[in-house]
Amino acid sequence: MDSTRFEKLQKLRRRHLAYPYRFEVSHQIGEIRSRYEIEPGGREVCVRGIVKRVSKLEEGYMVRLSSPSGVEIVALCDEELKAGEEHTLKGKLGRHEGKLCLFSAVPSEEEAYPIESLKAEYDLDPCFEEVSMAGRLITLRSMGKALFGHLQDATGRVQVYIKRDVVGEEAFKDFEELVDTGDLLGVNGRLFRTNTGELTVEVKSFSLLAKSLHPMPEKWHGIKDVEVRYRQRYLDLIANETARRIFLLRSRVVQAVRDFLNREGFLEVETPILQHVASGANAKPFITYHNYLEQNLYLRIAPELYLKRLVVGGFNKVYELGKNFRNEGVDTTHNPEFTMVEFYAAYWDYQDLIDFTERLISHVLLSLMGSLKLTHKGRELDFTPPYKRYGYFELLEKKTGKGKDFFLKDLQGLRALARDVGVPKAETLTHAKLIDKVFDLLVEEELWGPCFVMDFPKLLSPLAKSHRQDPELVERFELFVAGKELANAYTELNDPVEQKERFLEQLREKEMGDEEAMQMDEDFINALEYGMPPTAGEGIGIDRLVMVLADVDSIREVILFPALRRS
RNA sequence: GAGCCGGUAGCUCAGUCGGCAGAGCAACGGACUUUUAAUCCGUGGGUCGCGGGUUCGACUCCCGCCCGGCUCACCA
């Protein structure tokens with residue numbers, strides 16, 4: 001804690017101004033900005049002006065270009081221009097931290113568009129609208145008898161102008177004495193634009209809403225230390241625009257998925273997270289203890305078996321979007337608690353789900369990104385349906401020259417192959433695991449574009465229905481994007497006798513050393529005995545979907561509070 | 001669990017061969033009523049992740065530990 005800030009807080013306490021209960025807000029910061037600032041949407045323009053300042057960014061430079069009358073526009077360019085020189089730059093018009101900005105600007109000979117006209121077109125005159133806004137004071141520049149600063153929250157940033165002649169001598173002195181960057185501040189005043197064109201609140205009165213007892217992270221570099229960013233995510237969100245963007249995106253992804261499913265007639269439900277049997281996936285569960293029941297419970301590894309019980313109960317289209325828990329290692333694509341949406345539709349089969357998945361992904365992409373194409377890890381991903389479809393064994397055969405019969409019947413040969421391609425502990429793995437590992441190692445990484453891998457071997461899929469044309473396969477597909485599994489779907493096995501047999505098969509796998517073989521769920525079998533309609537179901541990993549959309553390569557970047565060791 | 005890399009001021013980072021702990025921003029004092037990475041003048045600020053060892057002397061070398069990142073393993 002910072003002692004001078006603490007002393008200021010004590011002063012505020014004595015004056016009963018320390019932690020007020022309420023502040024009347026007329027507008028969100030983002031709301032005001034979107035009212036007076038039009039999105040230029042990447043329009044190509046050419047502007048001319050004097051370079052007032054050049055700042056080095058991690059990639060390229062940020063240039064402040066000023067018109068003869070002093071109106072400014074920002075440009076991001078690769079070339080280092082010199083302050084004081086006059087340049088004509090051409091680029092795509094957008095907004096950078098709210099300000100009009102030329103992106104990927106390059107010098108140009110074309111006729112320039114006056115900066116004033118651009119500003120007039122996209123930055124509207126607020127006409128001294130009276131507003132009352134609040135946010136965190138993230139910058140403060142003292143000009144002697146006036147102060148400039150920026151208020152910020154997750155919706156955006158707005159400049160405030162505190163002039164001694166307007167707020168009065170007393171209040172101005174209070175501000176200088178008691179307010180620091182980092183504090184939460186409420187302001188009343190009227191909106192105008194400064195000479196350089198920035199939307200600004202001319203403050204009539206202000207109220208310190210909460211003091212920050214710690215100094216803010218550095219304004220230019222933000223917080224880079226990933227450990228601090230994950231453990232104190234609030235600081236990451238305050239300091240790093242990228243973090244704010246990713247988590248707003250995540251929220252909108254979840255919203256878009258819900259919208260789509262609701263619109264398609266699916267019912268959102270909640271099923272137990274504490275379960276007596278953790279089944280429905282191949283994974284080790286977390287164990288917890290219920291004092292009253294005096295028994296161990298498991299945190300769910302998947303909601304699947306409960307959702308199918310609901311289909312038995314007549315809820316023909318259900319979905320659940322929530323956390324699952326798997327007691328496994330942590331790495332760039334795995335967090336022990338992660339978010340999945342699972343949905344089930346009676347009277348559908350997996351072919352219906354292929355089409356549905358393409359529509360769902362299209363909906364999410366179009367409503368959030370405005371396009372079906374995006375860049376991930378520097379490569380293009382094109383989500384325009386239809387996605388490519390490959391047979392599971394077709395892919396393996398392409399890689400190994402060996403057909404389905406080899407993988408399913410020649411255990412010795414498979415073991416030797418697994419050893420050859422570098423599957424660890426190939427000697428001890430079960431047949432099912434061997435196939436899975438070989439596929440992982442040889443095929444998975446290369447599945448870049450969105451594509452469906454179809455028709456998995458039965459022994460890898462204990463809950464999927466046998467393939468109608470090949471009893472050794474099941475009607476199952478996985479959606480792969482950028483080498484990662486994004487979705488998993490199948491025609492659901494609804495024959496209780498066969499389901500029981502498949503569970504027993506899993507028990508045998510377990511006895512042979514597969515710790516993650518699926519657990520038997522007797523009550524689920526019982527539900528199936530009452531009759532589950534023909535049904536198809538799918539799970540989509542939300543975290544991984546967001547990773548693709550946000551173009552990040554660690555799952556921790558899309559989880560607000562990722563799992564870390566206790567510090 | 002193994003290998004590699006990292007942890008230095010509130011933040012971002014330098015720190016040479018083992019010889020007084022550095023910069024920018026932030027903070028503090030001063031000037032400045034349209035600034036915006038404001039500018040100008042001045043000042044203060046450190047458990048160098050933790051614990052041992054070697055040494056006249058350790059941020060620096062050695063050993064152990066903690067935390068994180070990446071890769072691999074484990075695992076969807």
Side-chain angles (χ1 to χ4, degrees), chain A residues 1-5 7 52-58 61-62 64 70-72 74 97-99 138-150 157-167 172 176 180-182 192-200 202 212-231 235 238-240 281-284 301-302 324 326-336 338 340 422-425 433 436-437 439-440 444 460 478 480 484-488 514-516 539 541 543-544 553-556 562 564-567:
Chain A
M1 194 162 36
D2 183 87
S3 62
T4 61
R5 282 167 184 257
E7 280 162 26
K52 279 196 71 178
R53 181 186 297 281
V54 180
S55 315
K56 180 142 182 42
L57 301 181
E58 270 171 32
Y61 298 87
M62 186 168 86
R64 295 166 59 87
V71 177
E72 290 184 1
V74 180
E97 288 175 342
K99 293 175 189 172
I138 49 153
T139 60
L140 189 59
R141 298 175 290 282
S142 165
M143 300 287 300
K145 296 185 184 65
L147 299 147
F148 284 93
H150 278 97
R157 197 178 276 193
V158 69
Q159 181 165 256
V160 291
Y161 179 44
I162 296 150
K163 201 160 136 180
R164 194 174 67 173
D165 292 352
V166 176
V167 295
F172 193 77
E176 287 188 302
D180 294 297
T181 55
F192 75 110
R193 283 189 184 275
T194 61
N195 289 342
T196 57
E198 177 152 3
L199 187 65
T200 304
E202 186 190 67
S212 169
L213 295 174
H214 297 278
M216 282 295 101
E218 209 247 359
K219 64 188 164 199
W220 192 243
H221 298 95
I223 290 204
K224 290 240 176 88
D225 184 337
V226 291
E227 196 173 344
V228 176
R229 290 184 42 234
Y230 298 156
R231 287 191 200 279
L235 290 180
I238 291 168
N240 299 324
N282 300 97
K284 277 177 258 180
I301 56 176
N324 294 304
R326 298 187 184 177
N327 206 339
E328 293 155 0
V330 175
D331 64 30
T332 45
T333 51
H334 297 86
N335 196 62
F338 64 101
M340 281 228 299
V423 172
K425 294 190 227 157
K433 277 273 167 192
D436 197 24
K437 287 286 155 198
F439 186 88
D440 255 29
E444 214 167 288
L460 289 182
E478 288 190 349
F480 279 87
K484 287 190 288 267
E485 175 202 340
L486 218 69
N488 179 21
D514 180 357
E515 276 188 286
E516 271 143 21
D543 311 280
R544 290 182 180 184
D553 44 26
S554 170
I555 200 168
R556 294 173 208 120
L564 294 179
R565 215 176 286 274
R566 192 199 325 216
S567 57

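Below, read A as the first sequence line, B as the second, and so on, with proteins coming before strands; counting in each chain starts at 1. Just so it is clear, the model here is predicted, and its values are computed rather than measured.
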For A:E202, answer base if it contacts any base atom (sugar-phosphate contacts may also be present), sugar-phosphate if it contacts only those atoms, and nothing otherwise; contact means non-hydrogen atoms under 4.0 Å. nothing

For the C1' atoms, the ones on B:C40 and on B:U35, what distance do you get once it is rounded to whole angstrom? 15 Å

Report the base-pairing partner of B:G24 (Watson-Crick or G-U wobble, both distances below 3.5 angstrom), or none. B:C11

Length of the CZ-P vector between A:R229 and B:C11, whole Å: 15 Å

If I pick the C1' atom on B:C62 and the same atom on B:C25, what distance separates them, to the nearest angstrom? 37 Å

Could you tell me whether a side-chain N or O of A:N240 sits under 3.5 Å from a main-chain N or O of A:I223, the two making a donor and an acceptor? yes

Distances under 3.5 Å between nitrogen or oxygen atoms of protein and nucleotides 68-70 of chain B:
unit_1: B:G68; atom_1: OP1; unit_2: A:R565; atom_2: N; d: 2.6
unit_1: B:G68; atom_1: OP2; unit_2: A:R565; atom_2: NE; d: 3.0
unit_1: B:G68; atom_1: O4'; unit_2: A:E227; atom_2: OE1; d: 3.1
unit_1: B:G69; atom_1: OP1; unit_2: A:R556; atom_2: NE; d: 3.3
unit_1: B:G69; atom_1: OP1; unit_2: A:R556; atom_2: NH1; d: 3.1
unit_1: B:C70; atom_1: OP2; unit_2: A:R556; atom_2: NH1; d: 3.0

Partner of B:G57 under the Watson-Crick or G-U wobble criteria, both distances under 3.5 Å, comes out as none

Check whether any side-chain heavy atom of A:S142 lies under 4.5 Å from a side-chain heavy atom of A:F148, and answer yes or no. no

Distance between the P atoms of B:G6 and B:G10, in whole angstroms? 22 Å

Can you measure A:K484 atom NZ to B:C75 atom C1' for me and round it to whole angstrom units? 15 Å

Sub-4.5 Å side-chain heavy-atom contact between A:K99 and A:R64: yes

Using a cut-off of 4.0 Å on non-hydrogen atoms, how would the nucleic acid contact of A:H334 be classed: base, sugar-phosphate, or nothing? base

Measure CZ/A:F148 against P/B:A37 and give the value in whole Å, please. 13 Å

Pair A:K284 + A:E328, salt bridge at N-O below 4.0 Å: no

Side chains of A:R141 and A:Q159: do they bring a donor and an acceptor to under 3.5 Å? yes

Which part of the nucleic acid does A:G541 contact within heavy-atom distance under 4.0 Å: base, sugar-phosphate only, or nothing? nothing

When all nucleic acid strands are considered with a 4.0 Å heavy-atom cut-off, which category describes A:K224: base, sugar-phosphate, or nothing? sugar-phosphate

Base-pairing mate for B:U35 - Watson-Crick or G-U, with both contacts under 3.5 Å: none

With the side chain counted from C-beta on, respond yes when A:K484 and A:T333 share a heavy-atom pair under 4.5 Å apart, and no when they do not. yes

Tell me what A:K99 touches on the nucleic acid: a base, only sugar-phosphate, or nothing, going by heavy atoms under 4.0 Å. base

Separation of A:R193 atom CZ from B:U35 atom C1', in whole Å? 16 Å

Hey, is the main chain of A:H150 close enough, under 3.5 Å, to the side chain of A:T139 for a donor-acceptor pair? yes

Using atom P of each nucleotide, how far apart are B:U60 and B:U55 to the nearest Å? 16 Å

Distance, nearest 0.5 Å, that separates NZ of A:K52 from CD of A:E72: 4.0 Å

Does A:N335 use its side chain to pair, donor to acceptor, with the backbone of A:F338 at less than 3.5 Å? no

Residue met sooner reading RNA chain B from 5', once A:K425 and A:S55 are mapped to nucleotides: A:S55

For B:G45, give the paired nucleotide (Watson-Crick: N1-N3 plus N6-O4 or O6-N4; G-U: N1-O2 and O6-N3; both under 3.5 Å), or none. none

Side chain of A:Q159, heavy atoms from C-beta onward: which of B:U35, B:U33, B:C75 has the nearest atom to it? B:U35

Within the 4.0 Å heavy-atom criterion, would you say A:E515 contacts the bases, only the backbone, or no part of the nucleic acid? nothing

Assuming nearest nucleotide by heavy-atom distance, tell me which of A:V54 and A:D165 is located more 5' along RNA chain B. A:D165

Report the distance from atom CZ of A:R164 to atom C1' of B:C32, rounded to the nearest whole Å. 12 Å

When you check the phosphate oxygens OP1 and OP2 of B:C75, does a side-chain N or O of A:K437 lie under 4.0 Å from one of them? yes

Filtered N/O pairs between nucleotides 24-27 of chain B and protein, under 3.5 Å:
unit_1: B:C25; atom_1: O2'; unit_2: A:E218; atom_2: OE2; d: 3.2
unit_1: B:A26; atom_1: OP1; unit_2: A:K219; atom_2: NZ; d: 3.0

So does A:E198 reach the base of B:U34 with its side chain, donor to acceptor, closer than 3.5 Å? no

Check the angle between the aromatic planes of A:F192 and A:Y161 and answer parallel, tilted or perpendicular using the 30° and 60° thresholds. tilted

With P as the reference atom in both, quote the distance from B:A73 to B:C56 in angstrom, rounded to an integer. 48 Å

Looking at the side chain of A:N195, which of B:A37, B:U33, B:U34 is the nearest nucleotide? B:U34

Flag the pair A:R193 and A:E198 as a salt bridge only when some basic side-chain nitrogen lies within less than 4.0 angstrom of an acidic carboxylate oxygen. no

Give the rounded distance in Å between these two atoms: CD1 of A:I223 and C1' of B:C13. 14 Å

Taking only the C1' atom of each, what is the distance from B:A23 to B:G64 in whole angstrom? 34 Å

Between B:U12 and B:U54, how far apart are the two P atoms, rounded to whole Å? 36 Å

Only pairs with both distances under 3.5 Å count, Watson-Crick or wobble alike; so what is the partner of B:G6 in this structure? B:C67

Let me know the distance between CZ of A:R64 and C1' of B:A37, rounded to the nearest Å. 9 Å

Can you check whether A:R141 has a side-chain N or O nearer than 4.0 Å to OP1 or OP2 of B:A38? yes

In whole Å, what separates the P atom of B:G44 from that of B:U8? 24 Å

What is the distance, to the nearest angstrom, from the NZ atom on A:K163 to the P atom on B:C32? 16 Å

Any sub-3.5 Å donor-acceptor pair from A:R326's side-chain atoms to A:I301's backbone N or O? yes

Of all residues at least two apart in sequence or in a different chain, which pass the salt bridge (charged side-chain N to carboxylate O under 4.0 Å, His left out) check with A:R229? A:D236, A:E557

Any base atoms under 4.0 Å from A:A283, or only sugar-phosphate, or nothing? Heavy atoms, all strands. sugar-phosphate

